[in-house]
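In what follows, a structure is listed as structure tokens, so that the remarks can point back to it.
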Amino acid sequence: MDTYYGFWSGGQSGEVRVFGIPSMRELMRIPVFNFDSATGWGITNESKRVLGEGGAFLNGDTHHPKVSYTDARYDGRWCFINDKANTRVARIRLDIMRTDKITTIPNVQSIHALTLQRVPKTERVYAGGEMIIPLPNDGRHLENPKEYWTLMSALDAETMEVVWQVIVDGNLDNADTDYTGKYLAASCYNSERGVTLPEMMGPERDWAVVFNLPAIEQAVRDGKYTTIGDSKVPVIDGRGAAQGGTEYTLYIPVPRSPHGINTAPPDGKYFVASGKLSPTCTVVEWAKVDDWFAGKLNDPRDTVVAEPEVGLGPLHTTYDNRGNAYTSLFLDSQVVKWNIADAIRAYNGESVNYIRDRVDVHYQIGHLKASLACSRDVDGKYLAALSKFSKDRFLPVGPFHPENDQLIDISGDKMKIVHDGPTYAEPHDALMVRADQIRTKQIYDRDDPFFAETVAMAKRDGVVLERDNKVIRDGNKVRVYMTSLAPNFGITDFKVKKGQEVTIVVTNLDEIEDVSHGFCLVNHGINFEIHPQQTSSVTFVADKPGVHWYYCSWFCHALHMEMNGRMLVEA
Ligand code: RUQ
Ligand code: CUA
């Protein structure tokens with residue numbers, strides 16, 4: 001038994017994976033934006049309701065899984081995840097480890113940054129739009145990039161509705177919040193808003209942009225906003241980098257193309273912007289951000305308290321509980337450990353070496369994350385290093401190599417690599433949560449909202465799902481309600497006419513943990529999961545006359561192979 005759950009993004013696979021740490025074993029895959037043959041994600045009515053209109057897409061690109069907080073500690077309720085590919089944000093219920101809400105974000109293209117309110121609890125989810133586009137993007141300003149912009153969005157964690165957006169200068173990259181609920185900071189590159197690589201790399205400095213959340217929420221309440229195109233979402237103008245910002249935003253100049261933004265636990269006094277194209281990290285003190293918005297500072301750079309030189313290609317920074325930061329160095333293929341207090345002393349002119357240790361990782365590391373490092377419970381035990389290239393570390397598997405996720409023991413003075421784990425396309429970020437902070441259901445509650453709409457449909461048909469095996473005929477529609485109890489489906493044959501719309505609803509009566517069934521209808525592209533006490537359904541048109549077998553696809557019993565039935569379609 002592992003001591004941590006790891007939540008790993010699946011990158012362009014569109015899913016989220018659950019790992020056990022420190023074993024680094026993959027425990028489960030949670031389909032989110034992707035189509036999944038095993039679970040029927042994208043096939044069942046229940047998953048299609050979650051996927052909504054975006055379900056037309058079969059792909060997603062997940063980067064930053066974030067688990068919800070109460071007072072900056074993981075509360076085990078939800079995991080949120082962005083979709084860079086199709087501009088969405090999803091919420092996963094951690095009690096059943098299934099996605100239950102997906103929202104497409106208006107007025108922006110590509111959600112990259114994703115972070116959560118920590119204090120007093122996660123009521124807001126923040127999602128940064130990355131690519132700049134005309135507003136609205138309806139064919140105007142095609143050739144005029146000076147009129148392209150992007151926005152930071154806030155969602156209500158409970159309803160997953162977008163509650164406001166703020167227009168910014170530059171492209172938003174990564175983001176993190178403070179430990180008071182007042183601020184959100186995002187790295188912001190392409191400050192000249194170019195559309196080609198040389199243009200984007202032009203300026204010497206870009207920004208960390210800080211959002212003054214109470215001021216933004218107040219402006220929305222006061223109706224001081226506009227809207228864009230058909231969207232009803234309140235939009236606030238946060239542009240004004242040249243003046244250091246607005247009452248809603250502060251633009252802190254940092255060396256060009258900053259990438260990661262990470263607040264230091266356990267008290268959240270500082271955040272670090274990792275330089276990417278600069279060999280430095282920039283440390284900002286949140287209390288000085290207070291001073292700026294109170295009008296006590298003249299220069300946004302006065303919020304900076306350190307700018308240590310850490311190595312080449314710093315991408316992300318994570319932390320232990322002993323005042324040390326760990327930064328991933330993409331070009332150096334290293335994790336560098338440095339001390340925050342010493343970096344501040346060095347910035348103030350003292351001669352002190354703030355670098356504590358370096359370890360080679362294999363190879364070209366992107367994200368990294370230490371155990372509980374985004375929460376008050378940070379414990380300084382393990383660090384996951386998500387390396388982009390594995391090169392020679394594993395048996396060759398063709399031209400495409402797996403990525404390599406390494407586990408590093410950071411409990412001592414010296415970092416020690418303790419595990420190599422190949423991963424498939426492509427974890428960007430990972431999170432470790434203490435095992436006791438997640439409590440899953442092993443059997444569905446019959447009143448689970450995940451299939452409540454299907455239960456309501458059965459009720460309208462006068463069907464008791466937990467008992468009945470019935471076929472309801474309603475004009476050209478046929479609804480087949482059946483139970484499953486190892487090794488039997490409650491209905492072993494039913495008859496429909498060619499062209500009828502058929503809905504099959506299966507309720508798994510098994511109450512024993514781990515006795516899951518699957519329902520697969522041969523030659524119809526239909527397969528889905530039905531776990532203990534779950535109801536799942538699918539709707540399709542019976543367009544092929546003849547006999548079509550269905551069978552249980554999840555091994556459940558010695559007579560699993562015999563758990564089947566026939567759909568008879570009359571010509
Ligand atoms: S961010 S390493 Cu989404 Cu760095 Cu990928
Ligand atoms: Cu039921 Cu296999």
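Hydrogens, waters and symmetry mates play no part in the numbers below; they use all other heavy atoms, side chains included. Note that ligands are numbered from 1 as they come in the structure, with each ligand's atoms numbered from 1 the same way.
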So, using side-chain contact (heavy atoms from CB on, under 4.5 Å) as the criterion, who are the partners of T317 when residues are at least two apart? N262, V272, S274, C281, Y319, A325, T327, W338
Kindly list each side-chain donor-acceptor pair under 3.5 angstrom involving residues 560-567, sequence neighbours excluded, with atom names and distances?
unit_1: H560; atom_1: ND1; unit_2: W554; atom_2: O; d: 3.1

For the residue pair K66 and Y74, would you count it as a cation-pi contact if the rule is NZ or CZ under 6.0 angstrom from the ring centre and within 45 degrees of the ring axis? no
Atoms of ligand 1, numbered as shown, that sit under 4.0 Å from any heavy atom of H112: 1 (S), 3 (Cu)
How about Y550 and F519: are their ring centroids closer than 6.0 Å? yes
Does K470 make a cation-pi contact with Y481 (under 6.0 Å, within 45 degrees of the axis)? no
Six-ring centre of W8, R17 cation under 6.0 angstrom, axis tolerance 45°: no
Check D429 with K369, please: is the shortest side-chain N to carboxylate O separation under 4.0 Å? yes
Around atom 2 (Cu) of ligand 2, list the protein N/O/S atoms within a radius below 2.8 Å, excluding water molecules. C552 SG, W554 O, C556 SG, H560 ND1
With ring centroids as reference points, do Y183 and F271 lie under 6.0 angstrom apart? no
Any salt bridge linking D61 with K84? Criterion: basic side-chain nitrogen under 4.0 Å from a carboxylate oxygen. no
Does the residue K84 have a heavy-atom contact with ligand 1, meaning some pair of atoms that are separated by less than 4.0 Å? no
Output, by chain and residue number, all protein N/O/S atoms separated from atom 4 (Cu) of ligand 1 by less than 2.8 Å. H259 NE2, H316 NE2
Find all atoms of ligand 1 within a distance of less than 4.0 Å from any non-hydrogen atom belonging to K388, and give their numbers and elements. 2 (S)
Quick one: does T263's side chain have a donor or acceptor within less than 3.5 Å of a partner on T177's backbone? yes
For H64, the atoms of ligand 1 under 4.0 Å from one of its heavy atoms are 1 (S), 3 (Cu)
Do H548 and N523 get their side chains close enough for a donor-acceptor pair, meaning under 3.5 Å? no
